[in-house]
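One structure is given here, and the rest of the page talks about it.
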Amino acid sequence: MSESLPTDTTGDDLANSLRTIADGSPLVQHLTNEVTMNDVANLTLHWDALPVMADSPGDAGEMANGAAAILLNTGQVPAGKVEAMHEAAETAAERDIPVVLDPVGVGATPTREAVAEELLEAVDFSVIKGNYGEISALAGVEAEVKGVESVGEYEAIEDAAQSLAESTGATVVASGVEDVVATADGAVRLSVGHEMLGEVVGTGCMLGATVASFHGALEDAETAAVHGTLAFGIAGELAAEMPHEGPASYRTNFHDAVAGFSADEAAGMDLADRIERVA
């Protein structure tokens, strides 16, 4: 088991991470899709980070100079945006800025697969976050992705996540009914979240933004991945406890839950049964 994965995370540990984000207000640059851009920007702000959506050639590489973390999301892959992704990643490599990949829809079309493969060859990603299908597809395991949704059964998702971590050197987050965070040396399963998150378009993109926001403040990729995923899932549970009539009102609740998720609230939480070593 990798000693670097924070398997014994406490409420106090999560609270300290939230305080670190609030104290540092890291600038997180997103090169993402237009479908979820507003939600991604707002959620980044709700975590007390600062969003910027600089995603055009020229501007993307220049803006990356001031970023604390960069998120590349392949939800839309026009040529100009892909060029901008490579520019931002080049700046990140020069300045040692962590880059998070959200390979949205990989496994659904050859075009997205080619874009992802080119990015993996060119960029030293710190974290890769995707759903079960996307992570499996990147790992070379049989996967079924319809549009941007993962379908099918993934009983060996821990093995796929670890395989991808080993081949890329990245920490891997595989999101699903339960989330898996893996390195080449081990994996943990996180029991957090709520089924209503699956009823809102863009929550996967927002999880990517969350991990990038945490990584913008936290140097350690494993801690950023585990703490960011934990915080996201807990906020999803808190949102479900608020009055809501359906997906639209739940979506508003979720943003409010993230904005209101204080370090003091996190400090009082017992997270012992939320994290399970699985490899």
Check the hydrophobic clustering (I, L, V, M, F, W, Y; side-chain heavy atoms under 4.5 Å; chains of links allowed) and say if [X] and [Y] are grouped together.
X: Leu72; Y: Leu27; answer: no
X: Val28; Y: Ile97; answer: no
X: Val52; Y: Trp47; answer: no
X: Val192; Y: Leu197; answer: yes
X: Leu271; Y: Leu5; answer: yes

Determine whether more than 12 heavy atoms belonging to other residues, nucleotides or ligands lie under 6.0 Å from atom [atom1] of [X].
X: Glu219; atom1: CD; answer: no
X: Gln76; atom1: CD; answer: yes
X: Asp59; atom1: CG; answer: yes

task = Evaluate side chain to side chain contact (heavy atoms under 4.5 Å, CB included) for Met206 paired with Val258, printing each intermediate quantity in order.
result = CA-CA 11 Å; Met206 287 186 270; Val258 171; over 6 Å; no
Write down the atom of [X], the atom of [Y], and the distance for their closest heavy-atom approach.
X: Val200; Y: Tyr250; value: CG2-CD2, 4.0 Å
X: Val40; Y: Ala209; value: CG1-CB, 3.7 Å
X: Ser126; Y: Pro98; value: CB-CB, 4.1 Å
X: Ala212; Y: Leu71; value: CB-CB, 4.2 Å
X: Leu218; Y: Ala224; value: CD1-CA, 4.1 Å
X: Ala160; Y: Ala139; value: O-CB, 3.5 Å

ask   = Does a donor on one side chain sit under 3.5 Å from an acceptor on the other, for Asn38 and Asn42?
value =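 Result is yes, a qualifying pair exists.
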Can you measure from [atom1] ([X]) to [atom2] ([Y]) and round to the nearest 0.5 angstrom?
X: Leu238; Y: Phe261; atom1: CG; atom2: CZ; result: 6.5 Å
X: Leu45; Y: Leu50; atom1: CG; atom2: CG; result: 7.0 Å
X: Cys205; Y: His30; atom1: SG; atom2: NE2; result: 11.0 Å
X: His215; Y: His227; atom1: NE2; atom2: NE2; result: 13.0 Å

Between [Y] and [X], is there a side-chain heavy-atom distance shorter than 4.5 Å?
X: Pro26; Y: Ile21; result: yes
X: Glu276; Y: Ser191; result: no
X: Arg251; Y: Asp39; result: yes
X: Ile128; Y: Leu120; result: yes
X: Leu18; Y: Ser262; result: no
X: Leu101; Y: Met85; result: no
X: Thr252; Y: His255; result: no
X: Met196; Y: Asn253; result: no

Sidechain-backbone polar pair: [X] side chain, [Y] backbone, donor-acceptor under 3.5 Å:
X: Glu158; Y: Val180; result: no
X: Glu134; Y: Gly105; result: yes
X: Thr91; Y: Gly61; result: yes
X: Glu113; Y: Val106; result: no
X: Asp13; Y: Thr10; result: yes
X: Lys129; Y: Ala225; result: no
X: Ser167; Y: Leu164; result: yes
X: Thr223; Y: Asp220; result: no
X: Arg112; Y: Gly75; result: yes
X: Thr171; Y: Thr183; result: no

task = Have a look at Met53 and tell me which of Met63, Gln29, Met37 forms a side chain to side chain contact (heavy atoms under 4.5 Å, CB included) with it.
result =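 Checked Met63, Gln29, Met37 against Met53; only one passes side chain to side chain contact (heavy atoms under 4.5 Å, CB included): Met37.
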inquiry  = Against Arg19, only a single residue in Asp48, Asp264, Leu14 fulfils side chain to side chain contact (heavy atoms under 4.5 Å, CB included); can you say which?
reply    =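 Looking at Asp48, Asp264, Leu14, the match for Arg19 under the side chain to side chain contact (heavy atoms under 4.5 Å, CB included) is Asp264.
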key: Which residues share a side-chain hydrogen bond (donor to acceptor under 3.5 Å, both in side chains) with Asn33, sequence neighbours left out   =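 By the side-chain hydrogen bond (donor to acceptor under 3.5 Å, both in side chains) rule, Asn33 matches Thr36, Asn73.
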task = Would you please indicate if the ring centroids of Phe232 and Phe254 are separated by under 6.0 Å?
result =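 Yes.
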request  = Hey, could you give me each pair passing salt bridge (Lys or Arg N to Asp or Glu O under 4.0 Å) that has a residue in residues 76-99? Not counting sequence neighbours.
outcome  =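 The answer is Asp55-Lys81.
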